[in-house]
Structure formats: C-alpha cells, structure tokens
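As structure tokens, the structure follows; a few thoughts come after it.
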Amino acid sequence: MSSSILRPGLLTTIQDAGRFGYQQAGVIVSGPMDPWALRLANLLVGNPPNAAGLEITLLGPTIRFEADHLICLSGADLSATLDGQQLPLNRPVAVQQGSTLAFGAARMGCRTYLAFSGGLTVPAVLGSQSTYLRAQLGGLEGRALRAGNVLPAAGPTPAGKRLHQQLLGQYPGQNWVAARWYPAVEPAFASGGNAITIRAIRGPEYELFTPASQQNFWREEFLVTPHSDRMGYRLAGPGLDRRTEREILSSAVTFGTVQVPASGEPIVLMADHQTTGGYPRIGQVISADFSQLAQVPPGGRLRFQEVSLSEAHYWSLRQEKQLQQLQRALALRYYQ
Amino acid sequence: MEQPTSPTDLLPPAQIYPLGDAAVVLQLGDTISEATHRTLQALGHSLDHATFPGLREYVPAFTTLTVYYDPWVVSQRGQHDPNQVVAEWLFSLLHNLPTASASEPQPVVEIPVCYGGRYGPDLALVAEHTGLAPAEVIRLHTEPEYLVYMIGFAPGFPYLGGMPEQLSTPRKAHPRPLVPAGSVGIAGGQTGVYSLPTPGGWQLIGRTPLRLFTPEGASPSLLRAGQRLRFVAITEDTYEHLLTHEQ
C-alpha cells in the first residue's frame with residue numbers, strides 16, 4: 001500500500017495534528033503549519049482529523065503510487081498534476097496503482113497537504129506521527145522525505161475503497177478520477193499581491209512597547225523575510241521598541257505568538273516553535289487565522305489587525321463548527 | 001503572632017491573562033523564588049488530579065503556569081466564554097491548594113559530569129574569568145543542590161537555580177555551531193545541560209553521559225520541574241563506561 005518518492009521537493013514532511021501533552025518536558029507540538037488544510041484533506045478522504053498526511057512546501061515532490069489510493073490535496077495551489085493532468089484541490093481523488101503525482105509553480109499560498117484514505121502508517125513517537133526535524137523524531141526517520149523513500153500507508157478504509165470503486169467505475173479506463181463534488185467551505189486564505197491581513201489580539205507584554213510601536217504594529221506592513229521556517233516567521237518592518245529594557249522571565253509561548261527580540265524585528269512563532277521563550281510578546285495571532293498565516297510565502301507581506309479575545313473565540317468556534325458540519329455531512333453520504 | 005492561613009498568602013497576587021484564544025496564563029509576580037515555584041508546582045499537581053474537559057496540557061515556568069485548552073470543548077460548543085471558564089477553574093484551584101504538607105524530601109538526582117579536557121573545553125576560560133583554579137570551579141559547581149525551575153528551550157533542557165555566584169561567566173561572543181548533547185555549560189549566572197545537539201553560546205565546562213531526552217520512553221525528560229539535582233565529578237574512564245552502559 002506504499003508510494004515511492006521519486007523527487008522529495010523542497011521540504012516534504014509527515015505531519016498529523018501535532019504532539020500534544022509533552023510541552024512541559026520541552027517537547028514541541030510540531031504538526032501542520034496550516035492545521036485547517038490538513039484537517040480538510042483528511043475529512044475529504046474520510047479520515048479522522050488527526051490522521052498523518054504530507055505537508056508539502058513551495059516546490060512539491062514527485063510521488064508514484066504503488067497501490068490504489070483515495071487521496072485529497074488541500075491548501076496551497078502548487079500546480080499539482082496526476083499523470084500530467086491538472087489535479088483539483090479539495091476533492092477526493094481515486095488513484096490507480098502506477099499513477100504519478102507531480103507539482104509545478106506555486107500559484108497561491110505555499111503549503112499544501114496530501115491526505116491518504118487510511119492514513120500514513122509511520123510509527124507514533126510520544127503519541128504523534130508528526131516529524132520533529134531538530135530532534136530527528138517522528139515522521140519518516142525524523143526527517144524530511146528524500147528521493148527513494150517509500151511511504152508506508154494503510155490503504156483506503158472500507159468506505160474509502162467503496163468511493164474509490166464508485167469514482168473509477170464511472171470512467172472506465174481512466175488512471176484517476178476526482179469527485180465532482182467539493183465542500184462549501186470558505187477558502188481559508190486570500191490571494192493577490194496585497195498584504196494579507198492577519199488578525200491578532202494584544203500579547204501579554206503589549207503595554208511594554210512604546211505608543212508609537214504599538215501603533216506601528218497594527219498600522220504598518222511587515223515583510224516575511226527568507227529567514228522564515230517551520231519554527232517561525234522573521235518579519236521586517238518598522239522597528240518595535242520597548243519603553244524599558246527590563247528583562248522578561250522565560251514563559252510559555254504558542255503558535256501565533258508574536259515576540260520581539262532586542263533587534264525590534266518581530267518573530268511570529270509557527271508549528272515548530274520552542275515551548276518557552278523570553279522575549280516580550282506584543283501580539284498573538286488568532287487561531288482562525290493560522291491557515292492564512294501559514295500560506296504567506298517568504299517575500300510575502302502581512303498586516304496585523306487588532307481583534308478582541310471574544311472575537312477570536314467567535315471565529316475559532318465558527319471554523320470548528322464548519323469543519324464538524326462537513327465531517328457529519330461526509331459521514332452521512334460517503335463514509336459511514 | 002500572625003499566622004499565615006494559606007500557603008498563597010505570602011505570595012504576590014495572582015494575575016490571569018490570555019495567551020491567545022486557546023491558552024490562559026496564571027502569573028505570580030515577576031521574581032524567581034522557591035515559594036512561587038512551589039505554589040506553581042502545587043497548582044500543576046492539582047490540575048493533574050482535577051482536570052477538566054478540554055484541558056490539553058499545561059506548562060510551568062519561573063513565575064507562570066500556562067494552560068492550553070480546546071475552546072470548542074471548554075465553551076461547550078460556544079455556550080460559555082472559554083477563557084473565563086478556565087480562569088475561574090485556575091483561581092479556584094489556586095485558592096484551594098492543599099496546605100504545604102511537610103513535603104517528603106524528594107530524592108536528589110545525581111548527574112555525573114566529566115569536567116574539563118575534551119568534554120569541557122571552556123573550563124580553563126571559566127577559571128581564568130572567575131580567578132579560580134579549575135579544581136575550585138569544579139568543587140563549587142558540584143557543591144550545591146540545584147532546583148529544576150522549569151524545562152524549556154529544548155526537550156529535557158532544565159533551567160536550574162542555585163549556581164554559586166562566583167562561577168558567573170558571560171556567554172561566548174560567537175556561539176558554537178554545534179554543541180554536543182550532554183554538555184554542561186555556564187551562561188552568565190545560569191548553569192544548564194544541553195539535551196540535544198544544538199548551536200549554543202554557553203561556556204562548556206564538562207559533559208554528562210546521561211541522556212536528558214529519551215523520546216522512546218514514556219517519560220521523555222530525565223528531569224522535571226520541581227526536582228533537585230547535584231552534579232558529581234567523574235573521570236573520563238567512568239564517563240566512557242557510563243556512556244557505553246547508557247546507550
């Protein structure tokens with residue numbers, strides 16, 4: 001039920017929903033940069049939300065399916081093709097053994113997620129299959145995929161197999177067939193050359209910054225510099241200054257924390273963030289916007305918009321409700 | 001004579017604030033102290049026993065305890081303000097902490113360290129900076145019982161309190177590109193043990209053959225916040241022996 005990695009792409013890793021429960025031992029959460037997209041891809045192939053799939057970054061891999069699979073791609077549009085023909089996003093796709101998935105230019109966003117019905121079957125480490133690159137654990141031998149790797153997969157679930165047969169049965173002779181239906185969910189990220197708006201609430205040390213820096217944080221654009229990775233985005237923009245040089249004691253930080261080192265250039269912490277940090281935290285991105293944030297490529301620009309904590313909860317709960325409704329609808333129609 | 005009625009009476013007042021829409025921080029002042037640490041430890045233990053639906057995990061630090069929650073579950077699908085639910089839960093636990101029991105003395109964890117030589121390339125530099133003989137640096141470093149205030153920075157990396165002030169030495173101006181796991185270092189007034197091979201600027205005075213981070217085990221970190229430890233000087237032979245024994 002495996003698939004072969006012919007070319008690895010820039011940074012392709014196995015991620016599930018994340019490694020929760022060990023942050024007090026200093027073990028980072030990892031998991032997808034765009035949690036919404038991985039979850040959507042999983043739901044569309046009938047997987048539980050925490051099944052392991054591939055996180056594909058900017059330059060995608062080339063993958064040959066060595067068995068029949070039901071797959072779904074969600075997130076960025078990286079010009080995916082199956083056997084040379086354009087592969088749509090956000091649809092379950094029945095693939096026959098021998099088909100080859102490839103990627104081209106990044107058209108919108110920069111991270112896309114490949115889910116396999118039945119999930120990938122690498123062993124869980126500390127309760128999660130997510131790749132933790134620095135500690136070299138989880139995923140496939142704790143690292144990004146390489147050419148020649150074989151991805152172990154369970155193969156489609158019984159419901160996935162039924163949908164696979166149904167789709168291919170409609171078009172005999174085809175190597176692959178995408179479902180014609182797709183979910184009525186709002187696209188989680190915007191396109192275009194303008195700065196992406198990222199909503200945030202004030203961070204715990206917001207008041208330590210000068211009024212001018214507070215204003216600039218909400219008003220000015222920031223560039224996502226090339227020194228940005230799964231640990232964090234280093235931003236360039238107006239310098240953010242503190243009123244005092246008082247040291248901050250190390251404390252917990254989380255996905256979306258905007259911390260400001262002495263240089264004044266903010267860093268937004270992402271999926272592989274450390275568990276604790278000692279820099280003042282000027283803002284905290286709302287979880288409903290993690291998906292948007294994950295899709296801003298290096299060289300892209302963003303702007304922070306202030307919202308209240310109750311607004312942050314409203315949007316987070318709304319997103320959760322949408323995904324749960326979709327999961328129920330899919331379960332009723334296809335995956336019971 | 002006034003008698004404290006609760007273990008929290010003598011502490012700075014608790015502040016509670018959100019860290020985004022899925023975490024709440026409880027903070028007790030902004031000074032590192034053993035009393036604050038003990039209260040946060042007790043609060044963590046209370047959470048272990050009085051968990052609530054939607055609690056993901058919690059992370060203790062010097063003066064804070066951060067609680068991660070699932071807003072969907074805690075709010076009961078949007079019926080309640082999840083931040084308030086968690087904050088009230090934490091406050092009630094804090095005000096009902098069991099009075100500091102004549103805490104049973106925890107065993108002190110011994111960390112064997114081979115000081116100097118190829119495992120502690122900066123021992124001479126620390127000796128020079130502090131004006132102490134290398135043997136005196138080792139004696140002072142192995143003397144105290146250190147308290148593990150928190151684990152952070154890297155998996156299993158302990159933030160320790162208790163290093164003698166005479167040993168304070170600034171970080172290296174140019175961090176090493178790769179510090180081997182197990183390296184014992186000094187950075188300013190702090191001492192610590194690298195748990196993973198990482199870049200780092202601490203002055204390396206020795207190395208332990210123990211593994212501080214063991215992901216294959218059920219408990220991935222050798223050390224936990226609240227534990228006490230002591231460094232024990234060992235010879236290079238013992239280091240090699242323990243290393244082969246450990247792996």
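Residue numbers start from 1 in every chain, and the chains themselves are labelled A, B, ... in the order their sequence lines are given, proteins ahead of strands. Only this structure's heavy atoms are used, side chains among them; waters, hydrogens and symmetry mates stay out.
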Proximal component of I286(A), with respect to chain B [non-hydrogen, under 4.5 Å] |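 Answer is both: backbone and side chain atoms of I286(A) are under 4.5 Å from chain B.
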Drop me the distance from L145(A)'s CG to L11(A)'s CG, to the nearest 0.5 angstrom.
-> 9.0 Å
Answer with side chain, backbone, both or neither: which region of [X] has an atom nearer than 4.5 Å to a non-hydrogen atom of chain A?
| X | answer |
| --- | --- |
| L196(B) | side chain |
| A218(B) | backbone |
| L223(B) | neither |
| A154(B) | backbone |

Would you enumerate the inter-chain donor-acceptor pairs between chain B and chain A whose distance is below 3.5 Å?
from	atom 1	to	atom 2	distance (Å)
D21(B)	O	H313(A)	NE2	3.0
D21(B)	OD1	S287(A)	OG	2.6
D21(B)	OD2	S287(A)	N	2.9
D21(B)	OD2	S287(A)	OG	3.2
E57(B)	OE1	G21(A)	N	3.0
E57(B)	OE1	Y22(A)	N	3.2
E57(B)	OE1	Q23(A)	N	3.0
E57(B)	OE2	G21(A)	N	3.1
E57(B)	OE2	Q23(A)	NE2	3.1
Y58(B)	O	Q24(A)	NE2	3.1
T64(B)	OG1	S251(A)	OG	2.8
Y68(B)	OH	V253(A)	O	3.0
Y69(B)	OH	H313(A)	NE2	3.0
F153(B)	N	T276(A)	OG1	3.3
G156(B)	N	A25(A)	O	2.7

For chain B, which of A252(A), G26(A), A312(A), A135(A) has the most heavy-atom pairs under 4.5 Å?
->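 Most heavy-atom pairs within the cutoff with chain B belong to G26(A).
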Most heavy-atom pairs under 4.5 angstrom with chain B, which of V27(A), I201(A), L126(A)?
-> L126(A)
Under a 4.5 Å cut-off applied to non-hydrogen side-chain atoms, are L249(A) and I32(B) in contact?
->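 A side-chain contact under 4.5 Å exists here.
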Non-hydrogen side-chain atoms of L40(B) and F62(B) separated by less than 4.5 Å = no
Ring centres of F213(B) and F157(B) under 6.0 Å apart?
->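 When the ring centroids of F213(B) and F157(B) are compared, they turn out to be at least 6.0 Å apart.
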Would you please indicate yes or no on a ring centroid separation below 6.0 angstrom for F209(A) and F217(A)?
-> no
Looking at every non-hydrogen atom in both residues, tell me the closest pair between [X] and [Y] and how far apart they are.
| X | Y | result |
| --- | --- | --- |
| I248(A) | G278(A) | CB-O, 3.5 Å |
| L330(A) | L43(A) | CD1-O, 3.3 Å |
| I151(B) | A225(B) | CG1-N, 4.1 Å |

Side-chain donor/acceptor of T169(B) to backbone N/O of L167(B), under 3.5 Å |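 A pair under 3.5 Å: yes.
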